[in-house]
Amino acid sequence: METEAAIRHGTMRVTALLLVAAALAIGLGVAGTGASLPIVVGLLVLAAVLYAARPNEDWFGPVAGVDVDGIVRSLWLAPLITALPLVVRLSATPGELQAIGGLLGLAGMANYFLRPVYLLGYDLVAAVRESAGRANGR
């Protein structure tokens, strides 16, 4: 059961980070800002500030089965996720920045909708491992 909870919390954390990264990229694009080295440096500074300001203790606890404290503690990764495609495409226009944000959001939602598939894969592997253990133990 611990592994199932880890899969649930991990996939939700990745989904939230990708959606926040998408919001950052789309927000920059809507503001009319294209990708550039100062924007990437600004995202890296934002990541450093969020890393330094992350809470050590639990503030929220689980909300509707979601580990909100875990998401808040890892929120500093979102600007890094946004900066990665911008490093590859430093000359991206505001429209391209919005498209990058859309792709990040799409990846986040795909991860969210694939959660049952991840859990099914875990259950299948656990069942095969259990039956193989019983077969070898006879």
Side-chain angles (χ1 to χ4, degrees):
M1 281 299 184
E2 292 176 20
T3 306
E4 275 189 48
I7 291 170
R8 289 181 191 280
H9 294 309
T11 55
M12 187 55 93
R13 188 176 297 177
V14 169
T15 297
L17 290 175
L18 285 169
L19 291 177
V20 171
L24 284 171
I26 291 171
L28 287 170
V30 168
T33 304
S36 64
L37 191 56
I39 295 295
V40 171
V41 170
L43 288 169
L44 295 177
V45 168
L46 177 61
V49 168
L50 288 174
Y51 181 80
R54 75 189 187 286
N56 291 330
E57 67 278 345
D58 291 346
W59 286 355
F60 304 103
V63 176
V66 176
D67 179 25
V68 176
D69 292 313
I71 292 172
V72 169
R73 275 194 290 283
S74 62
L75 197 58
W76 64 275
L77 292 167
L80 289 179
I81 294 170
T82 306
L84 285 175
L86 300 186
V87 168
V88 174
R89 183 84 171 121
L90 275 176
S91 63
T93 64
E96 290 171 335
L97 206 54
Q98 291 175 16
I100 289 170
L103 290 174
L104 289 170
L106 180 65
M109 291 311 299
N111 182 60
Y112 179 75
F113 289 123
L114 285 173
R115 267 178 18 151
V117 175
Y118 302 149
L119 291 169
L120 176 66
Y122 168 73
D123 288 341
L124 289 174
V125 169
V128 168
R129 184 177 291 161
E130 181 181 322
S131 71
R134 275 189 276 147
N136 289 336
R138 288 186 185 178

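The basis for the numbers below is simple: all heavy atoms, side chains too, and nothing from hydrogens, waters or symmetry mates.
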**Message:** Does Arg89 form a side-chain hydrogen bond (donor to acceptor under 3.5 Å, both in side chains) with Ser91? I'd like the steps, not just the answer.
**Reply:** CA-CA 5 Å; Arg89 183 84 171 121; Ser91 63; 3.1 Å; yes
**Prompt:** Hey, what do you get for CH2 (Trp76) to CG (Leu17), rounding to the nearest 0.5 Å?
**Reply:** 10.0 Å
**Request:** Kindly write out the residues that satisfy side-chain contact (heavy atoms from CB on, under 4.5 Å) with Leu119, not counting sequence neighbours, or none if the list is empty.
**Result:** Glu4, Ile7, Arg8
**Fill in**
On a heavy-atom basis, the closest approach of Ala83 and Val40 is CB-CG1, 4.3 Å
**Asked** Roughly how far, to the nearest 0.5 Å, is CG of Leu24 from CD1 of Ile100?
**Response** 13.0 Å
**Message:** I need the Leu80 CG to Leu50 CG distance, nearest 0.5 Å.
**Reply:** 9.5 Å
**Asked** Under 6.0 Å from the six-membered ring centre of Phe113 and within 45° of its axis: does the NZ or CZ of Arg115 meet both?
**Response** no
**Asked** Distance from Met109 atom CE to Leu114 atom CG, nearest 0.5 Å?
**Response** 10.5 Å
**Message:** Within this structure, what is the OH-OG1 distance for the pair Tyr118 and Thr11, rounded to the nearest 0.5 Å?
**Reply:** 7.5 Å
**Prompt:** Counting only N and O atoms by type, is there a donor-acceptor contact under 3.5 Å from the side chain of Gln98 to the main-chain atoms of Gly29?
**Reply:** yes
**Asked** Atom CD1 in Ile81, atom CG in Leu43: separation rounded to 0.5 Å?
**Response** 11.5 Å
**Item:** Test item: Pro94 and Thr33 side chains (from C-beta on) under 4.5 Å apart, heavy atoms
**Value:** no
**Request:** Could you tell me whether the side chains of Asn111 and Thr15 share a donor-acceptor contact shorter than 3.5 Å?
**Result:** yes
**Asked** Do the side chain of Thr82 and the main chain of Ala21 share a donor and acceptor less than 3.5 angstrom apart?
**Response** yes
**Asked** For the residue pair Ala25 and Gly101, what are the closest heavy atoms and their distance?
**Response** CB-CA, 3.6 Å
